[in-house]
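Beneath this line is the structure, given in structure tokens, with notes to follow.
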Amino acid sequence: MFISKELRKQNIAEYLLYMWQVEDTIRAFGCSLPRIRREYVERFDYDEEQKEELIDWYGNLIRMMNEEGCREHGHLQINRVTLQLLNDLHLQLLASPKFPFYNTAYYKVLPFIVELRSRGADKNEGEIETCLNLLYGVMMLRLQKREITPNTEHAVREVSTFIGMLSDYYKKDKEEGLKFE
């Protein structure tokens, strides 16, 4: 919760990746708040008030996951809305002649997006979700200490740069407002 608040302000893509990891963490504990409290939250070096805040936050997320039918897989509505906002901004940036560097970065990662989709990615997911799924998948592989091929490493570097640029524009749009025309 404390991390998510800071990430949401600083880097929206990292926030989404973090929240996806939180969803998976909740699933790993069987969507059980007592287990999350006992086996997870107690390991953190927080005072009791912070731990209670964190437990309340996890409890609310579990409730939402149950209500929204994403106990097993999928993402919370709050995360899907954030992803949609990011995707909408992506489309606005592409359509505007004022952001040539963004367009260049996009066309640099487009072959990776096409390749990922040809390998079985969900055809209904947008390009930004495809990029984030790549980054999340590689993050999970690294946590499992599994090997990542040089080609995948290259794709991740390019996609990370592109998504970082989109996140920077998202932050700038929220703080100052971007002018697309």
Practice item. Measure from NZ or CZ of R8 to the centre of the six-membered ring of Y15, then state whether that distance is under 6.0 Å and the direction lies within 45° of the axis. Key: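 The answer is yes; both the distance and angle limits are met.
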Check your understanding: Quick one: is the NZ or CZ of K174 closer than 6.0 Å to the six-membered ring centre of Y170, and within 45° of its axis?
Key ->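 Output yes; distance and angle both within limits.
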Value rounded to 0.5 Å, distance of [atom1] in [X] from [atom2] in [Y]:
{"X": "E115", "Y": "L134", "atom1": "CD", "atom2": "CG", "value": "10.0 Å"}
{"X": "D24", "Y": "M19", "atom1": "CG", "atom2": "CE", "value": "11.5 Å"}
{"X": "R63", "Y": "L33", "atom1": "CZ", "atom2": "CG", "value": "12.0 Å"}
{"X": "R80", "Y": "E129", "atom1": "CZ", "atom2": "CD", "value": "10.0 Å"}
{"X": "N79", "Y": "L132", "atom1": "CG", "atom2": "CG", "value": "11.0 Å"}
{"X": "L85", "Y": "L16", "atom1": "CG", "atom2": "CG", "value": "9.5 Å"}

Point to revise | side chain to side chain contact (heavy atoms under 4.5 Å, CB included) between V109 and I113, worked out | key: CA-CA 6 Å; V109 300; I113 295 169; 4.1 Å; yes
Practice item. Check the surroundings of atom CD in E147: do more than 12 heavy atoms from other residues, nucleotides or ligands lie under 6.0 Å from it? Key: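 Not more than 12 within 6.0 Å, no.
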Point to revise | Q144 CD: over 12 foreign heavy atoms closer than 6.0 Å | key: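 Enclosed: over 12 neighbouring heavy atoms sit under 6.0 Å from CD of Q144.
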Practice item. Mind telling me whether H154 and F112 have parallel, tilted or perpendicular rings, with 30° and 60° as the class edges? Key: perpendicular
Review point. Between F180 and F99, what is the ring plane arrangement, given parallel below 30°, perpendicular above 60°, and tilted in between?
Key: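 Tilted: the ring planes of F180 and F99 meet at 30° to 60°.
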Got [X] and [Y] here, is their nearest side-chain heavy-atom distance under 4.5 Å?
{"X": "F162", "Y": "H90", "result": "yes"}
{"X": "I163", "Y": "I128", "result": "yes"}
{"X": "M65", "Y": "R27", "result": "yes"}
{"X": "E153", "Y": "T149", "result": "no"}
{"X": "Y136", "Y": "M140", "result": "yes"}
{"X": "I36", "Y": "I55", "result": "no"}
{"X": "N133", "Y": "W20", "result": "yes"}
{"X": "C70", "Y": "M64", "result": "no"}

Of all the heavy-atom pairs spanning [X] and [Y], show the shortest one and how long it is.
{"X": "L166", "Y": "Y102", "answer": "CD1-OH, 3.6 Å"}
{"X": "I62", "Y": "S32", "answer": "CD1-C, 4.2 Å"}
{"X": "I12", "Y": "L86", "answer": "CG2-CD1, 3.4 Å"}
{"X": "N11", "Y": "S167", "answer": "OD1-OG, 3.2 Å"}
{"X": "G30", "Y": "R35", "answer": "N-NH1, 4.0 Å"}
{"X": "L76", "Y": "E23", "answer": "N-OE2, 2.8 Å"}

[X] side chain to [Y] main-chain N or O, any donor-acceptor pair under 3.5 Å?
{"X": "R117", "Y": "E125", "value": "yes"}
{"X": "S160", "Y": "R157", "value": "no"}
{"X": "E39", "Y": "F29", "value": "no"}
{"X": "T130", "Y": "G126", "value": "yes"}

Practice item. Given side chain to side chain contact (heavy atoms under 4.5 Å, CB included), test Y46 with V41 step by step and report yes or no. Key: CA-CA 9 Å; Y46 292 140; V41 172; 5.6 Å; no
Practice item. Would you kindly confirm whether F101 and L94 end up in one hydrophobic cluster when ILVMFWY residues are joined by side chain heavy atoms under 4.5 Å apart? Key: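 No; L94 is not reachable from F101 via cluster members.
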Check your understanding: Linking I/L/V/M/F/W/Y whenever their side-chain heavy atoms sit closer than 4.5 Å, directly or via other members, would V81 and L91 fall into one cluster?
Key -> no
Looking at [Y] and [X], is there a salt bridge between them, counting it only when a charged N and a carboxylate O are closer than 4.0 Å?
{"X": "E52", "Y": "R37", "result": "yes"}
{"X": "K171", "Y": "E14", "result": "no"}
{"X": "R38", "Y": "E42", "result": "no"}

Review point. With L178, which of K98, K172, Q92 fulfils side chain to side chain contact (heavy atoms under 4.5 Å, CB included)?
Key: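 Of K98, K172, Q92, side chain to side chain contact (heavy atoms under 4.5 Å, CB included) with L178 is met by K172 alone.
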Practice item. Go through L7 and L17 one step at a time and tell me if the side chain to side chain contact (heavy atoms under 4.5 Å, CB included) criterion holds. Key: CA-CA 10 Å; L7 284 175; L17 294 172; over 6 Å; no
Practice item. Could you please spell out the steps behind the side chain to side chain contact (heavy atoms under 4.5 Å, CB included) verdict for L143 and Q21? Key: CA-CA 11 Å; L143 286 172; Q21 187 177 20; 3.7 Å; yes
